[in-house]
Protein chains: 2
Amino acid sequence: MSVALKPTRREEIVTAAGELFSKRGFHGTSMRDLGKHIDLRGSSLYAHFASKDDLLWAIVDGAARAFVAAADAVAPELKPTAKLTALIEAHLRVIGSELPYATVFFNDWSHLSDTRKQHLIAMRDDYQRRFADVIAAGAALGEFGAVDVDLATLVVLSALNYSYQWLDPDGRLGHAELAAAIAGQLIGGLRDPQTSIALTPTSTARAK
Amino acid sequence: MSVALKPTRREEIVTAAGELFSKRGFHGTSMRDLGKHIDLRGSSLYAHFASKDDLLWAIVDGAARAFVAAADAVAPELKPTAKLTALIEAHLRVIGSELPYATVFFNDWSHLSDTRKQHLIAMRDDYQRRFADVIAAGAALGEFGAVDVDLATLVVLSALNYSYQWLDPDGRLGHAELAAAIAGQLIGGLRDPQTSIALTPTSTARAK
DNA sequence: CCTACCGATCGGTAGG
DNA sequence: CCTACCGATCGGTAGG
């Protein structure tokens with residue numbers, strides 16, 4: 001919440017950690033490396049975080065909460081198409097506006113301690129259900145076709161999540177245009193999923 | 001190619017590294033850890049690989065080649081819709097059949113040495129172009145709508161790539177069904193992208 | 001492929 | 001927030 005002016009030392013640490021972890025990975029960054037970036041001894045970081053895992057958790061949990069908060073801000077009374085559009089826009093906004101944190105979130109969540117990993121998975125399942133519910137409602141109302149809701153949800157969220165790899169806040173398209181185009185494409189796929197074309201049996205050989 | 005019987009020691013190492021790196025990450029796995037899993041001292045691994053980076057490269061380059069080989073096996077004369085379906089199926093087949101390698105490919109490619117990273121990015125750009133070309137051809141022929149080709153390509157490949165996180169070779173759906181459903185959804189989005197709905201200005205507050 | 005070893009570095013603590 | 005330090009471990013090499 002308080003971000004703009006006079007970041008606390010703790011915030012400074014989290015910001016720097018977000019940048020370093022996102023570039024070199026959690027295990028590829030040492031506490032000493034991190035300290036150097038904010039003129040602090042590595043050992044002094046432990047006055048603010050009891051462990052490296054706690055620091056990772058600050059980032060990952062913060063990102064998870066940002067996703068939930070953005071989805072919470074979507075008007076609940078919207079019809080499925082409009083609601084899914086808003087959810088997609090919100091999701092992309094969080095990724096785009098907090099790219100280093102989003103990168104750490106997606107790349108390094110698996111290196112959290114077991115308890116926290118479980119906690120995070122529960123949060124993710126909840127979050128995912130919001131998308132699934134909207135897609136199911138859209139299918140029920142005829143706004144979307146008769147899709148496999150769980151699979152369709154995974155496809156939509158996959159397309160959104162992987163965008164942390166290529167989203168460019170300073171890119172050719174502004175956020176609104178980008179989000180609208182992506183939402184349009186993903187929702188088009190829900191409205192009119194194509195029935196499968198018989199696949200020619202391509203190479204049956206395993207590639208390796 | 002030679003996989004079924006009597007793996008060489010080198011293959012054994014790569015297989016074990018694929019499993020460990022995919023679980024704990026490249027920097028989270030030590031050469032000694034790896035050695036233990038195949039009854040070898042960590043130092044003995046250096047008789048087969050000159051460096052840990054070489055070992056990561058064996059995995060990542062192998063996965064990259066598998067993607068290219070699978071795409072090469074797609075009949076070139078197919079019309080855009082059928083061709084894109086086949087490309088999607090091929091991409092998912094590589095991920096699903098080599099899940100640990102695919103996981104390392106997507107999670108740890110950024111930890112390669114700079115030269116190799118550059119090499120890999122060039123391969124990826126080539127590979128990506130195959131998808132972009134088919135989508136552009138489809139748009140030109142009217143099989144697809146007038147999409148932003150580069151963006152539409154990123155959305156399709158993002159949806160496919162992130163699937164390494166949840167694809168389950170022993171899951172509810174078989175590979176063919178799964179691939180057909182995913183391809184149907186993604187191609188539906190290219191055929192009939194929805195024009196954007198005016199977005200209500202949801203929370204303008206940054207989430208963090 | 002092993003033993004023995006290198007210098008460097010790791011996450012973290014004690015005690016101020 | 002620092003100095004000094006802990007035991008453990010890292011990637012990698014020498015020499016067989």
Side-chain angles (χ1 to χ4, degrees), chain A residues 6-62 104 107-117 120, chain B residues 6-62 104 107-117 120:
Chain A
K6 221 192 307 188
T8 61
R9 200 78 216 221
R10 194 173 198 278
E11 289 166 338
E12 239 184 308
I13 293 170
V14 174
T15 302
E19 259 141 42
L20 283 176
F21 290 176
S22 71
K23 266 185 223 154
R24 314 180 189 172
F26 175 69
H27 281 129
T29 308
S30 74
M31 294 298 265
R32 284 161 179 83
D33 276 347
L34 174 54
K36 264 175 215 149
H37 277 73
I38 47 177
D39 281 306
L40 213 63
R41 306 292 143 168
S43 58
S44 300
L45 293 165
Y46 290 89
H48 298 92
F49 292 90
S51 69
K52 203 185 175 191
D53 187 70
D54 279 12
L55 181 46
L56 177 58
W57 179 245
I59 295 174
V60 171
D61 181 54
V104 175
N107 273 336
D108 290 316
W109 71 270
S110 64
H111 303 127
L112 284 167
S113 65
D114 278 341
T115 322
R116 285 172 167 165
K117 222 184 300 183
L120 192 72
Chain B
K6 225 193 303 186
T8 62
R9 199 78 216 220
R10 196 175 199 276
E11 288 167 338
E12 240 184 307
I13 293 170
V14 174
T15 302
E19 259 143 42
L20 283 176
F21 290 176
S22 70
K23 267 185 223 154
R24 314 180 188 172
F26 175 68
H27 281 130
T29 307
S30 73
M31 294 298 264
R32 285 162 179 81
D33 275 347
L34 174 54
K36 263 173 216 151
H37 277 74
I38 46 176
D39 281 306
L40 212 64
R41 306 291 143 168
S43 58
S44 301
L45 292 165
Y46 289 90
H48 297 92
F49 291 90
S51 68
K52 203 185 175 191
D53 187 70
D54 279 12
L55 181 46
L56 176 58
W57 180 245
I59 294 173
V60 171
D61 181 54
V104 175
N107 273 336
D108 291 317
W109 71 269
S110 64
H111 302 126
L112 283 166
S113 66
D114 278 342
T115 322
R116 285 172 168 166
K117 223 185 299 185
L120 192 72

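A, B, ... follow the sequence lines: proteins, then strands. Residue 1 opens every chain. Side chains are part of it too, since the values below use all heavy atoms of this structure and drop only hydrogens, waters and symmetry mates.
Between D:dT13, D:dT3, D:dC1, one nucleotide has an atom nearer to the side chain of A:A47 than all others, and that is D:dC1. The side chain of A:R32 has C:dC10 as its nearest neighbour among D:dC1, C:dT13, C:dC10. The listed nucleotides are D:dT3, D:dC1, D:dG11; the one nearest the side chain of B:K52 is D:dG11. If you check D:dC1, D:dC10, D:dA4 against the side chain of A:S43, the one that comes closest is D:dA4. Nearest to the side-chain atoms of A:L40 among the listed nucleotides C:dC1, D:dC1, C:dG12 stands D:dC1.
If you measure from atom NE2 of B:H111 to atom C1' of D:dG11, you get 16 Å, rounded to the nearest angstrom. Between A:D39 atom CG and D:dC1 atom P there is a gap of 11 Å when expressed in whole angstrom units. If you take CG of A:D33 and P of D:dC10, they are 17 Å apart, rounded to a whole angstrom. Protein atom OH of B:Y46 is 19 Å distant from nucleotide atom P of C:dA4, rounded to whole Å. In this structure, CZ of B:R10 is placed 13 Å from P of C:dC1, rounded to the nearest angstrom. Taking atom CZ on B:F49 and atom P on C:dC1, their separation rounds to 12 Å, with Å as the unit. When the P atom of C:dG12 is taken as reference, atom NE2 of A:H48 falls 16 Å away, rounded to whole Å. Rounded to an integer number of Å, the gap from A:R24 CZ to C:dT9 P is 13 Å.
A sub-4.0 Å separation between OP1 or OP2 of D:dC10 and a side-chain N or O of B:S30 is present. Remark: B:H27 is not in phosphate contact with C:dC10, judged by side-chain N or O atoms under 4.0 Å from OP1 or OP2. Contact between the side-chain N/O atoms of B:R9 and the OP1/OP2 oxygens of C:dC1 is found at a separation under 4.0 Å.
Rounding to the nearest 0.5 Å places CG of B:L55 at 5.5 Å from CE of B:M31.
Nucleic acid contact for A:S51: sugar-phosphate only, since backbone atoms but no base atoms lie under 4.0 Å from a heavy atom of the residue.
Side-chain contact check for A:V60 versus A:L112: some heavy-atom pair is nearer than 4.5 Å. Residues B:R10 and B:I13 are not in side-chain contact: their nearest non-hydrogen atoms beyond the backbone lie 4.5 Å or more apart. Side-chain contact between A:T29 and A:E19 is absent, with no heavy atoms from C-beta onward closer than 4.5 Å. The shortest distance between side-chain heavy atoms of B:N107 and B:F21 does not fall below 4.5 Å.
The partner of D:dG16 is C:dC1, judged by Watson-Crick or G-U wobble contacts that both fall below 3.5 Å. Remark: D:dG11 base-pairs with C:dC6. Criterion, Watson-Crick or G-U wobble with two distances under 3.5 Å.
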